[in-house]
Amino acid sequence: MGKKALILLASVFGALIFLLLLWAVISKFCWSFTVPPYAMEPSLYPGEKVLVDRSAYRSAAPKRGDVVVYRHPADPYRVLIRRLVAFPGE
């Protein structure tokens with residue numbers, strides 16, 4: 001292998017490591033989600049992709065009107081998207 005080939009290989013390897021680290025950081029804080037059928041029409045339509053901030057409620061409490069994505073308590077493979085309209089006791 002020549003010197004140019006080694007430099008190219010090192011550049012490609014560095015770019016792959018950078019992309020892997022970027023993917024790890026994004027997946028830690030964000031979640032890509034596809035809106036299920038008749039979930040939030042007309043705000044969100046079935047099949048739309050949304051990017052969910054996983055750290056949004058670590059520093060602040062949810063407010064009325066927020067759209068939240070969560071796993072169904074009885075079926076962890078089922079993901080739901082809903083708008084908060086009331087809190088317990090209201």
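Please read these numbers as outputs of a predicted model, since none were measured by experiment. Numbering of residues begins at 1 and proceeds along the displayed sequence.
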Q. Of all heavy-atom pairs between R71 and P76, which one has the smallest distance, and what is that distance?
A. NH1-O, 3.2 Å

Q. When hydrophobic residues are tied together by side-chain contacts of less than 4.5 Å, even through go-betweens, does F18 share a cluster with L9?
A. no

(Q) Is the shortest side-chain heavy-atom distance between Y70 and V79 below 4.5 Å? (A) no

Q) Should I7 and K4 count as side-chain neighbours, where that means a heavy-atom distance under 4.5 Å? A) no

Q) Do L80 and R78 come close enough that some side-chain heavy atom pair is under 4.5 Å? A) yes

Q: Please check if atom OH in Y45 has more than 12 non-hydrogen atoms from other residues, nucleotides or ligands closer than 6.0 Å.
A: no

Q) Can you check whether K63's main-chain N or O pairs, donor with acceptor, with D66's side chain at less than 3.5 Å? A) yes

Q) Under a 4.5 Å cut-off applied to non-hydrogen side-chain atoms, are C30 and D53 in contact? A) no

Q: Using a 4.5 Å cut-off on heavy atoms from C-beta on, say whether the side chain of W23 contacts that of L19.
A: no

Q. Distance from Y77 atom OH to H72 atom NE2, nearest 0.5 Å?
A. 15.0 Å

Q: Walk me through it: do E48 and V35 pass the test side chain to side chain contact (heavy atoms under 4.5 Å, CB included)?
A: CA-CA 5 Å; E48 280 187 325; V35 177; 4.2 Å; yes

Q.
Could you check whether any side-chain heavy atom of V50 comes within less than 4.5 Å of a side-chain heavy atom of V52, counting everything from C-beta outward?
A. yes

Q) Is there side-chain contact between L8 and F13, with at least one heavy-atom pair below 4.5 Å? A) no

Q. Is I26 linked to F29 within one hydrophobic cluster, defined over Ile, Leu, Val, Met, Phe, Trp and Tyr using a side-chain heavy-atom separation of less than 4.5 Å?
A. no

(Q) Any heavy-atom pair between the side chains of F33 and I81 that's under 4.5 Å? (A) yes

Q. Roughly how far, to the nearest 0.5 Å, is the CG atom of L16 from the CG atom of L21?
A. 11.0 Å

Q | Test item: R83 side-chain N/O and G65 main-chain N/O as donor-acceptor pair under 3.5 Å | A | yes

